[in-house]
Amino acid sequence: MNAMPAIEFSGISKSFAGVRVLRGISFKLGAGRTLGLVGENGAGKSTLMNILGGNLLPDTGLMVLGGTPYTPQGPTDAARAGVAFIHQELNLFANLSIAENLFLSALPRLGSLPWIDRKALHDRTATLLGQVGLAIAPDTLVEQLSAGERQLVEIVRALALEARLIILDEPTTSLSVRETETLFSLLRRLQARGIALIYISHLLEHVRELCHDLVILRDGEVVAQGSIETYDTPAIISAMVGRSLTRLYPERRGTSTTAPLLEVRSLTQVHIVRDISFTVHRGEVLGIFGLMGAGRSELARILFGLDTAQHGEVRMGDRVINRGEGPRERMVRGLAFLTEDRRHEGLCLEASIADNLALVSLRQHARTPLRLLDRNTWQRAISTVRAAVRLTEKVSDAQSVQTLSGGNQQKVILGKWLLAKPEVLILDEPTRGVDVGARFELYQLILDLADRGAGVLMISSEIEELTGLCDRILVMSQGEIRGNFPRAEFSREHLLAAALPREAHA
Amino acid sequence: MPSSRPTKETAGLILPGPLFRRALGSDYFVLGLCMIYTLAVGPFTPGFFTPENAANLLSTALPLLLVALGQMIVLITGGIDLSVTSIIGLCSVTGAMVMNPESGGLGGDMLTVPAGCIAMLLVGMLVGIANGFAVSRCRMPAFIVTLATMMGVGGFAVWLTQSKAINQLPSAFNALGGHTIIALAITVLIALCVHMLLGRSVFGRWLYATGHNPRTAHISGVPVGGVLIAAYACSGVLAAVASVFYTGQAETGSPVLGQRILLDVIGAVVIGGTSLSGGRGKVLWTIFGVLFLKLIDNTLNLLSLSIFTLTIVKGAVILLAAVLDALRIRVAGHPA
Amino acid sequence: MNALLRYASPILFVVVIATFGVLSPKFMTADNALNILVQSAPVGIVTIGMTFVLLTASVDLSVGAIMFLAAGIAGKMLQADMSLSVALGTMLVIGVASGGINAAFIARLRIAPFVVTLAFLFIGRGVALTITQTRAMNLPEGFLRLGSARIGGVPLPLLIFGMMLLIAHATLTRTPFGRQLYALGHNPVTARKAGLNTSLLLASVFLISGFCAALGAILSLAQLGAVSPKFGEAYEFKAIAAAVLGGASLFGGRGTVLPGTLLGVVLIQSVEAGLVILNADPYLYPIITAAIIFIAVLIDSGRNTLLERLNRRRIRNDSAQA
């Protein structure tokens, strides 16, 4: 190992709204070495990498990049210092060529003329592409490239900016086996050129194949670090999972029945989900565990009629739901859906609490024929549900929901759906960004609903809360169901092992 | 969870002070503007404080208010309807053709006036539905769809009449639009209906939800497409009612009847406080907005400034209204 | 479906030309073709500016008003016996300045472009009508000579149009500025992240559009010989329709000057010329123009929806299927 580390973190901490997300992170990465960064969702990986990439400022702590103190004030600073961050959503312009994407902010010009030096642009790009062994013409439009090729172009762009440290976040998710191989051979060339890499992935085989060193994060702390050889897969998994936190969950009063409510049979959509079958029973809380990008949210969107599936059947009770039925029709059938994107899909942010609460159940208060709202029953319903979801803050109904905390916003959305009296409630990451107190209350509301005989389908990337709440947990990965665990068989290690993606399903 | 650093979106506009913020957020902000304007300009305007002028102000404000209410409904959904002026023209022409003894063929029948009015409302609704369909189902941008409609429908009205006005309308019809009292009664009734519709009906809540966030609305079971079509249809129908008044006042059916009021309509609604980005709007605001626009229009007319100066001033009012709208949104985003 | 949407403009072009060719033998003549090209020059230059604006997902509804404003002031100057070159220079300055006012509200205060330019449409026309006192003004001989002059046998308007096409094409395809406009239109957030000065880029397209409107006004006046109170009216429609027909997208990031704008403009002008040759009712023109805009935007929206669907994120890599 070289004397000078490529990057050294010491004592990095970061809090969001009083919640500590990173606690005193310290580790270093040698020049030309590759570090695998693993941990469950929410362990703090993205926050740490956003600090490194200049998107966030740390509360405390220092970073030293190649021997000099490194305090990026923005992504441009990071780029200038030679740090490139390749996100899962690629930042390419599909309507421009590869060459233009690589040099967009500093296109070479013919002397002092305003024209682009097309030959220089072409040659420089060709050289870069050649260096990484990519045989694509520099003038090719990015929109004509496959997902894998676009990923490679992103990396070449990092090289064009003369990056010395490249962060890759789950780069293989949408790649085929061949594309993954090309990516890896490119990454090996980079390693050979002395470029340091930080590789974030849930695919442990890939981490093992590519990385020299390993850092495992859990709850914002480094729980294990060292050479990759010292860890086998079970050891990594148990380090990621750690000891069970003693968190309190509300008590379940009712029990799950065997009466089917929602039945899903071999639901398939190319590139999204494959052959999904399961049943939600009356009074059951069914969990779906999966890491980010496992296809859980996509499945939920198909179930609620927001996206389509090519094959398969969804039944509510004894009636088949037609493929063409949208959210409105499915709502009438008794489905409800709390999406993961609270701000953009769950709420009308500028609208009042009362308007948000009443949105789905408006028609219950409509007096025909003019469908005028009955203010009395409407108001009563709103105050009842406000009390039920325990909107703690002293706020008036007329206040806009954007002034509420995350937890209370989520309670408003849940309250909105409770007013619709759903048979089956689909929850997608209901506790993300919600503080501990509000979480407990949300859990209570979810269990109460199940106790009253409804079915709950709860999607989460936190094993902890699923094992605490659910009667049964399905595990999803790569768009498929990879496990079905009844309560007696809940084991954090087994759940995580089933959720980790597998290499090459070719 | 990782929130990015605060963006410099606010760089363009400096946030106003607390007092101005309160005023800006008030329902009566524009009414205040109207009063200040009246006090400042009124005394210097010959013939402003006369009963005749008040009556004139009222009779021209009523149809404008109707069109503005329709425009407001569309703006609440986050769209815009630039075709209202052409709808007024086309309705005027169709109504007049139905009621004209030569072209209509109804003679002096009792049903002539009702038939004419129904034809006008129907035309307005159909054009509105077509706009709404293009916006919701074909996902075309509202401003360009309604611009094309403005041009096409306006051209169609001119083509129908070969640019000639149609006279000889039944006197009962002329009374309907020409009598300020009747027009006032109808307008008040409609304004109340729109007020109820927005505040007290399921449809009204759906309108605001669609304007605030169409994705949330869709997921919450709001029939967003239908709401949009209905909103544009409302705008079309209200423009048709206004056309009844304008046609009655003019006692002729003309394809260019409403041509000059597009600026007044959009200016009035937006200066009133209805947001160009959707989700905000009240009948009361629009009434004040129409009052403001009419005051400007009326005083400048009395001061015998040219119609072009009026156009310039009204264009400036729209710009001012758009800046105020941007300020209001920024104030809402930064609670004091 | 995909291919049909992608090649919509050339297909439409062929259909229109063929239709008129069949309907009237006079349409498919060299004379008529040259005539259409020369007549396309003014609206063509305005459309070039509009194409720049559309690339950034904005729109400029004020081009017709800018044309009239510039023409009105120039007309007054010429009536006061000022020299032709000074008047022409002033027109171009007025065009750029008007674009600058639009740009200030749009790029600096971040107000929706269609609102700002709609307001400017009325303000500009109002100012121009006040200046001209709504009277038509005849222009001196020298102005008309611009329209009929030929250099090396090529009519001057056509030459200027051709040069503008080449310059615009080169700017869009060969300069950093042009390529960055495409990036901005594709995704403004990513463009800002990539270190581009997005406000400056956005402002500059309105300056360009103002300049092109003024230049278009010069050529149009050179053909008409007079400033009428209706001068420049509905030019914004024609320009938007031509640009969108030529493949520019209202949603930004897509569009070319060559062949796009040229194709769109000639298409629009051919329809107009064809209607004249067929002796169609002139009252039908606005209806037909509106129909063309509608079809163009419908195609554009369809293409946009399709692209959004194609670019959805993948979870897994299933073997290729339809």
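Keep in mind it's a predicted model, so treat the numbers as computed, not measured. Labels below follow one simple rule: chain letters A, B, ... track the order of the sequence lines, proteins then strands, and each chain is numbered from 1.
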Enquirer: Go through the atoms of C/Ile288 and report whether side chain, backbone, both or neither lie under 4.5 Å from a heavy atom of chain B.
Expert: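 Neither; nothing under 4.5 Å.
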Enquirer: Based on non-hydrogen pairs under 4.5 Å, which of B/Met150, B/Arg139, B/Lys314, B/Met140 is most in contact with chain C?
Expert: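 That would be B/Met140.
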Enquirer: Name the region of C/Leu298, side chain, backbone, both or neither, that has any atom closer than 4.5 Å to a heavy atom of chain B.
Expert: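 Contact with chain B: backbone and side chain both.
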Enquirer: Specify the closest pair of heavy atoms between B/Ile318 and C/Ala119, including all atoms of both residues, with the distance to one decimal.
Expert: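 Closest heavy-atom pair between B/Ile318 and C/Ala119: CG2-CB, 4.1 Å.
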Enquirer: Please walk me through it: do B/Val323 and C/Phe105 pass side-chain contact (heavy atoms from CB on, under 4.5 Å)?
Expert: CA-CA 9 Å; B/Val323 174; C/Phe105 280 93; 4.0 Å; yes
Enquirer: So which part of C/Leu118 gets closer than 4.5 Å to some heavy atom of chain B, the side chain, the backbone, both or neither?
Expert: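 It is the side chain, since no backbone atom gets that close.
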Enquirer: With only heavy atoms counted, which part of C/Thr130 is less than 4.5 Å from chain B, the side chain, the backbone, both or neither?
Expert: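 Interface part for C/Thr130: both.
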Enquirer: Does any heavy atom of chain C fall under 4.5 Å from the side chain of B/Ser277, the backbone, both, or neither of them?
Expert: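 Interface part for B/Ser277: neither.
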Enquirer: Side chain from CB out, backbone as N, CA, C, O: work out which of these in C/Ile292 comes under 4.5 Å of a heavy atom of chain B, or both, or neither.
Expert: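 For C/Ile292, there is no contact with chain B at all, as no heavy atom is under 4.5 Å.
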Enquirer: Counting only heavy atoms not in C/Tyr285, do more than 12 sit closer than 6.0 Å to its OH atom?
Expert: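 Result for OH/C/Tyr285: enclosed.
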Enquirer: Can you check whether B/Met151 reaches C/Thr289 side chain to side chain, under 4.5 Å on heavy atoms?
Expert: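 Yes; the side chains approach each other to less than 4.5 Å.
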Enquirer: Is there a side-chain contact between B/Ile312 and C/Phe122 (heavy atoms, below 4.5 Å)?
Expert: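 No, side chains not in contact.
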Enquirer: So for B/Leu147, is it side chain, backbone, both, or neither that comes closer than 4.5 Å to the heavy atoms of chain C?
Expert: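 It is both, since atoms from each part get that close.
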Enquirer: Would you give the length of the straight line joining atom CD1 of C/Ile123 to atom CG of B/Leu319, rounded to the nearest 0.5 angstrom?
Expert: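 C/Ile123 CD1 to B/Leu319 CG: 4.5 Å, rounded to 0.5 Å.
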Enquirer: Grab the two heavy atoms, one from B/Cys138 and one from C/Ser301, that are nearest each other, plus how far apart they are.
Expert: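 Closest pair (atom of B/Cys138, atom of C/Ser301, distance): O-CB, 3.4 Å.
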Enquirer: Please report the shortest heavy-atom distance between B/Thr311 and C/Gly126, naming the atom on each side.
Expert: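 In terms of heavy atoms, the two residues are closest at CB-CA, 4.5 Å.
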Enquirer: Go through B/Gly267, B/Ser163, B/Ala316 and name the one with the most non-hydrogen pairs under 4.5 angstrom from chain C.
Expert: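 Ranked by contacts with chain C, first place is B/Ser163.
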Enquirer: For chain B, find which of C/Leu284, C/Asn304, C/Val59, C/Leu129 contributes the most heavy-atom pairs closer than 4.5 angstrom.
Expert: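 Highest number of heavy-atom pairs under 4.5 Å: C/Leu129.
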Enquirer: Can you tell me which of B/Ser306, B/Pro141, B/Gly154, B/Ala134 forms the most heavy-atom pairs within a distance under 4.5 Å of chain C?
Expert: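 Ranked by contacts with chain C, first place is B/Pro141.
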Enquirer: Heavy-atom distance under 4.5 Å to chain C: side chain of B/Leu82, backbone, both or neither?
Expert: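 For B/Leu82, the contact with chain C is made by the side chain alone.
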Enquirer: Show your reasoning for whether side-chain contact (heavy atoms from CB on, under 4.5 Å) applies to B/Phe308 and C/Thr134.
Expert: CA-CA 9 Å; B/Phe308 321 116; C/Thr134 72; 2.7 Å; yes
Enquirer: For B/Ile80, is it the side chain, the backbone, both, or neither that has a heavy atom closer than 4.5 Å to a heavy atom of chain C?
Expert: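 Looking at B/Ile80, just its side chain touches chain C.
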Enquirer: Quick check on B/Phe143 against chain C: is it the side chain, the backbone, both or neither that has a heavy atom closer than 4.5 Å?
Expert: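 Side chain only.
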